[in-house]
Amino acid sequence: MTDIIEELKWRGLIYQSTDRQQLRGWLAEGPRVLYAGFDPTSDSLHAGTLLGLVALRRFQRAGHRPIALVGGATGMIGDPSGKSEERNLLSEDQLRANVAGIEAQIRRFVDFDDAAAGGSLVNNYDWMSRFGYIEFLRDVGKNFPVNVMMTKDSVKSRLGSGDGGGAGGGISYTEFSYMLLQAYDFAHLFEQRGCHLQVGGSDQWGNITAGIDLIRRRNGAEAYGMTWPLLTKSDGSKMGKTESGAVWLSAERTSPYAFYQYWINVEDADVGRCLRYLTELGREEIESLDAARVSAPERRESQRRLAESLTQLVHGDEGLAIAQRATEIFFGAEIADLSDAQLGSIFADVPSGELDRERLGGEGLPVVDALVEATLAGSKGEARRLLKQGGVYINNRRAESQEQMLTAADLASESTIVLRSGKKRYALLRFS
RNA sequence: GGGGGGUUUCCCGAGCGGUCAAAGGGGUCAGACUGUAAAUCUGAUGGCAUUGCCUUCACAGGUUCGAAUCCUGUACCCCCCA
């Protein structure tokens with residue numbers, strides 16, 4: 001049995017926990033059952049949830065038995081933790097779809113099939129939906145003094161915001177009750193599965209301790225809790241966000257290439273933490289990457305390893321290969337002799353235009369027109385300007401003149417020409 | 001109700017009868033440099049076409065050979081006096 005606490009500690013992943021010695025002792029005695037929850041607020045998880053997924057995986061590798069809980073029931077209420085405003089409720093259909101999407105993703109991280117590995121995947125809807133309101137109040141609610149609930153950060157931070165006259169502030173009774181549901185989840189897993197430990201992000205501490213309290217009252221037993229720090233950037237902003245939104249784990253929402261690129265671009269100041277928090281690289285390797293970053297920052301080896309290892313984890317070997325190939329091409333490699341399918345997967349995120357194949361015949365298609373068709377230029381004048389300044393590339397080769405004509409010889413694949421303006425604005429033109 | 005000021009190209013902001021597609025700055029785009037960083041430097045920045053033409057300075061009308069610039073009316077905004 002690996003000392004998981006020791007590992008989490010050097011990685012900087014322990015933010016808060018119940019009595020450390022006790023917890024460590026309990027974990028050292030043999031395979032232990034623990035759980036972490038995932039909110040089905042969307043049909044895909046994102047970079048922020050990676051931390052939780054990897055955490056369960058670490059526990060499993062260390063010989064423990066992780067339960068991944070998907071909040072099919074709690075998702076109907078909405079966790080107020082870390083939220084400044086009341087949220088809209090999701091429809092049941094939406095929620096069902098989200099749960100299905102998320103479960104598939106969690107499977108990539110935790111092994112639920114091997115009985116010996118002991119992982120399991122549960123949905124709290126399965127036990128929550130059967131509860132009657134009265135029954136829940138008598139059974140669970142009775143154990144929660146409101147004055148204690150009021151002191152939780154998730155509630156406190158929302159109480160101030162409502163009475164100042166600000167629009168829509170405060171907290172509804174519904175969200176206020178959220179912690180009871182999550183606390184009950186813990187108690188349920190404790191009773192049914194012998195789960196004594198709940199882990200989560202630091203914003204979950206209040207919900208976790210609520211569960212520990214409930215178990216103490218209901219079962220007269222001691223349960224444990226542990227949180228990891230939020231993954232933030234050195235400038236204080238959240239990791240895993242781009243101008244265009246969150247970095248998702250699903251290839252449909254964030255292509256493997258875009259995912260890879262996100263991590264390649266992590267700042268020097270943040271990459272060390274990312275390696276520790278998110279990857280399974282060992283201590284020596286990470287420390288040698290730290291050293292390399294000081295002596296040769298321009299090689300960006302830390303970023304490369306980070307991007308490789310996460311892309312591999314989330315999208316598999318194939319996804320990583322696509323991302324790497326796309327990276328080569330996006331950064332200058334000449335594009336030739338590829339297939340439409342290859343180009344399609346590499347340039348999945350890039351705008352494209354369809355044109356009649358005949359336009360490549362005869363004299364050919366003026367580049368100026370091609371740029372406008374591909375929406376790389378807003379007008380022909382703008383297209384000419386780009387050409388004059390040397391900012392136009394055809395299949396990654398700089399266009400040599402303003403009068404250049406595109407013909408069938410310029411096709412990079414069966415039917416596609418790749419146009420680029422500047423360093424990385426790409427567009428495809430398909431001729432059919 | 002009375003008096004004064006404003007409305008300019010993506011944004012801020014000059015312009016006050018021709019030399020104005022309209023200074024300057026910001027932004028944006030491109031080039032150089034670079035670590036797929038930051039900073040910096042250079043160039044471009046209404047549209048269409050080879051000179052040139054067309055549309056643009058709140059809106060509508062007018063004066064003039066000629067208006068973003070003058071006059072009249074309309075809309076919106078700001079300030080002052082009631």
Side-chain angles (χ1 to χ4, degrees), chain A residues 47 232-244 247 254-275 288-312 315 319-335 346-351 353 363-405 418-427:
Chain A
T232 54
K233 292 200 262 192
S234 49
D235 64 9
S237 61
K238 262 191 197 154
M239 197 86 212
K241 286 264 193 295
T242 65
E243 323 75 54
S244 49
V247 175
T254 300
S255 72
Y257 166 74
F259 184 85
Y260 181 88
Q261 282 295 316
Y262 179 80
W263 301 107
I264 275 280
N265 281 307
V266 168
E267 307 270 333
D268 289 0
D270 300 319
V271 72
R273 228 153 5 101
C274 287
L275 285 167
S288 92
L289 285 169
D290 287 344
R293 203 157 60 247
V294 174
S295 58
E298 73 285 356
R299 294 185 54 204
R300 307 169 60 74
E301 210 163 324
S302 297
Q303 280 88 344
R304 218 169 298 279
R305 287 295 285 130
L306 176 67
E308 271 170 22
S309 110
L310 292 183
T311 308
Q312 207 269 342
H315 295 294
L320 175 60
I322 289 171
Q324 286 177 323
R325 179 80 182 111
T327 295
E328 267 172 47
I329 285 178
F330 270 85
F331 289 89
E334 189 170 327
I335 304 166
I346 291 168
F347 291 100
D349 306 321
V350 149
E363 289 281 275
L365 175 68
V367 216
V368 171
D369 293 345
L371 288 167
V372 175
E373 294 285 359
T375 68
L376 282 182
S379 66
K380 292 192 193 177
E382 194 183 328
R384 276 197 201 90
R385 203 182 305 133
L386 272 174
L387 281 158
K388 196 159 74 191
Q389 296 183 130
V392 174
Y393 300 79
I394 298 151
N395 300 327
N396 270 349
R397 287 182 59 185
R398 185 174 267 177
E400 60 263 8
S401 86
Q402 287 185 58
E403 283 78 40
Q404 193 168 342
M405 294 294 192
V418 182
L419 294 173
R420 178 180 128 210
S421 135
K423 289 189 197 345
K424 35 183 144 176
R425 267 176 71 220
Y426 280 89

5′-ward residue of the pair A:V372/A:G390 relative to RNA chain B: A:G390
Donor-acceptor side-chain pairing of A:R305 and A:S309 below 3.5 angstrom: no
A:T327 side chain near B:U36 phosphate (N/O to OP1/OP2, under 4.0 Å): no
Side chain A:Q389 and base B:G43 donor-acceptor under 3.5 Å: yes
B:U45: pairing nucleotide in any strand, Watson-Crick or G-U under 3.5 angstrom: B:G27
For B:U40, the Watson-Crick or wobble counterpart (both distances under 3.5 Å): B:A32
Base-pairing assignment for B:G18 (Watson-Crick or G-U wobble, both under 3.5 Å): B:C65
pair A:R420-A:L376: side-chain heavy atoms closer than 4.5 Å: no
Watson-Crick/G-U partner (both atom distances under 3.5 Å) of B:C76: B:G6
Distance, C1' atom - from B:G4 to B:G17, rounded to whole angstrom: 25 Å
Partner nucleotide of B:G1 by Watson-Crick or wobble geometry (both distances under 3.5 Å): B:C81
A:Y257 vs B:U36: side-chain N/O to OP1/OP2 distance below 4.0 Å: no
Euclidean distance for C1', B:C48 against B:U55 (whole angstrom): 10 Å
Between B:G5 and B:G15 - P atom distance, rounded Å: 16 Å
Minimum-distance nucleotide (side-chain atoms of A:R300 versus B:G35, B:G47, B:A30): B:G35
